[in-house]
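In what follows, residues are counted from 1 in the order of the sequence shown. Computed over heavy atoms, backbone and side chain alike; hydrogens, waters and symmetry mates excluded.
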Amino acid sequence: MTWEQRKLGDIVNEYSDPMQTPHDGYVRLGIRSHGKGTFYNYVKPGQELGTAQMHKVATDKLIVNITFAWEHAVAITDENDAEKLVSHRFPQFSLSEKICPKFLHYLILDGRFRHHLWLSSPGGAGRNRVLKIPEMLEYKMQIPSVDEQRQIAYTLCRLDNLITLHQRKLLNLV
């Protein structure tokens, strides 16, 4: 089958579901660095962000922490992430029908993508390095047909699960 080179911007579109910041508590989504996925925190009433607007997270979106993108703080959201809230510093992108979410998950874990995020985040150290989204969207990748993407993603998921199973067995032996 033929693989095509595509820019990230060709397979994703900006997505936003804004809402007023709740004042009765909410669950906030965060993104771990080094491609390690998402996490959640409960924000108690009275401790909400001082911003008037938050954004609801949706399933099967590419989400980026623009402050820590240079540390590979990116993820593909799943059903557990849906309805959590994020600030404007966590833009989300809908995926086109040409890309399988699980396949894109593995593409964004690639070291070349991490390096591209680093280059797309100019500035000094730490919080001064803010991702330039138009530059991120210029990232080029090789993409096969959607059917082949699904097969590759399925195989990689099974391998990940097998590795996790063996790691747990090893921990029990120690």
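At a threshold of 4.5 Å between non-hydrogen side-chain atoms, the residues H23 and P45 do not count as touching. Put simply, the side chain of N161 does not reach to within 4.5 Å of the side chain of L165, judged on heavy atoms. By the 4.5 Å heavy-atom criterion applied to side chains, V146 and I99 are not counted as neighbours. With a 4.5 Å cut-off on side-chain heavy atoms, V27 and L85 do not count as touching. F93 has its side chain within reach of M136: a pair of non-hydrogen atoms, C-beta onward, lies under 4.5 Å apart. Using a 4.5 Å heavy-atom threshold, the side chains of M141 and I11 count as touching.
Hydrophobic clustering (ILVMFWY, side-chain heavy atoms < 4.5 Å, transitive): W118 and I31 are in distinct clusters. Tracing side-chain contacts under 4.5 Å through hydrophobic residues (I, L, V, M, F, W, Y), one never reaches I152 starting from Y154; they form parts of separate clusters. Under a hydrophobic-cluster definition in which Ile, Leu, Val, Met, Phe, Trp and Tyr are linked whenever side-chain heavy atoms come within less than 4.5 Å, directly or via other members, Y15 and L95 are assigned to different clusters.
Applying the side-chain contact (heavy atoms from CB on, under 4.5 Å) test to E71 and every residue at least two apart in sequence or in another chain returns S33, F68. Scored by the side-chain hydrogen bond (donor to acceptor under 3.5 Å, both in side chains) test, D160 finds Y106 as partners (sequence neighbours excluded). Applying the side-chain contact (heavy atoms from CB on, under 4.5 Å) criterion to T38, with sequence neighbours excluded, gives L29, Y40, A75, D81. Applying the salt bridge (charged side-chain N to carboxylate O under 4.0 Å, His left out) criterion to E135, with sequence neighbours excluded, gives no partner residue. In this view, K98 and R6, S96 satisfy the side-chain contact (heavy atoms from CB on, under 4.5 Å) rule, not counting sequence neighbours.
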*Between V64 and F90, does a side-chain contact (heavy atoms from CB on, under 4.5 Å) hold up when you go through it step by step?*
CA-CA 5 Å; V64 182; F90 293 79; over 6 Å; no
*Would F39 and R32 satisfy side-chain contact (heavy atoms from CB on, under 4.5 Å), going step by step from the backbone distance to the final call?*
CA-CA 7 Å; F39 65 94; R32 298 182 197 288; 3.3 Å; yes
*For the pair H55 and V86, evaluate side-chain contact (heavy atoms from CB on, under 4.5 Å) and give the outcome as yes or no after the intermediate values.*
CA-CA 5 Å; H55 301 267; V86 293; 4.0 Å; yes
*Worked check of side-chain contact (heavy atoms from CB on, under 4.5 Å) between V74 and I63*: CA-CA 6 Å; V74 297; I63 190 167; over 6 Å; no
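Minimum interatomic distance between P144 and Q149 (heavy atoms only, all atoms of both residues): O-NE2, 2.9 Å. Counting all heavy atoms, side chain and backbone alike, A82 lies closest to T59 at CB-OG1, 3.5 Å. What you find for M54 and S87 is that their closest heavy atoms are CE-N, 4.0 Å.
For the pair D147 and R150, the salt-bridge criterion is met [side-chain N within less than 4.0 Å of a carboxylate O].
Checking side-chain atoms of H72 against main-chain N and O of I108 turns up a donor-acceptor pair under 3.5 Å. When atom types are taken as modelled, the side chain of E83 and the backbone of A58 share no donor-acceptor pair closer than 3.5 angstrom. With hydrogens and angles disregarded, no donor-acceptor distance shorter than 3.5 Å links the side chain of Q53 to the backbone of M19. A donor-acceptor pair under 3.5 Å is formed between the side chain of R129 and the backbone N or O of S121. Judged by distance alone, with hydrogens and angles left aside, the side-chain atoms of Q92 form a donor-acceptor pair with the main-chain N or O of K56 at under 3.5 Å.
The CD atom of Q151 sits 7.5 Å away from atom OG1 of T155, with the distance rounded to the nearest 0.5 Å. The distance from the SG atom of C157 to the CZ atom of F103 is 12.0 Å, given to the nearest 0.5 Å. We find the SG-CG distance between C100 and D60 to be 8.5 Å, quoted to the nearest 0.5 Å. How far CD1 of I143 is from OG1 of T2: 13.5 Å, rounded to the nearest 0.5 Å. Between the CG atom in L62 and the CG atom in N13 there is a gap of 11.5 Å [rounded to 0.5 Å]. Rounding to the nearest 0.5 angstrom, the gap separating the CG atom in L109 from the CG atom in L104 is 9.5 Å.
Paired with H105 under the rule side chain to side chain contact (heavy atoms under 4.5 Å, CB included), one option of I76, D78, L156 passes, and it is I76.
The aromatic rings of Y139 and H116 sit tilted relative to each other, their planes meeting at an angle between 30° and 60°.
The stretch residues 105-119 participates, sequence neighbours left out, in these salt bridge (charged side-chain N to carboxylate O under 4.0 Å, His left out) pairs: D110-R112.
Counted within 6.0 Å of CD on E14, heavy atoms from surrounding residues, nucleotides or ligands total 12 or fewer; the atom is thus considered open.
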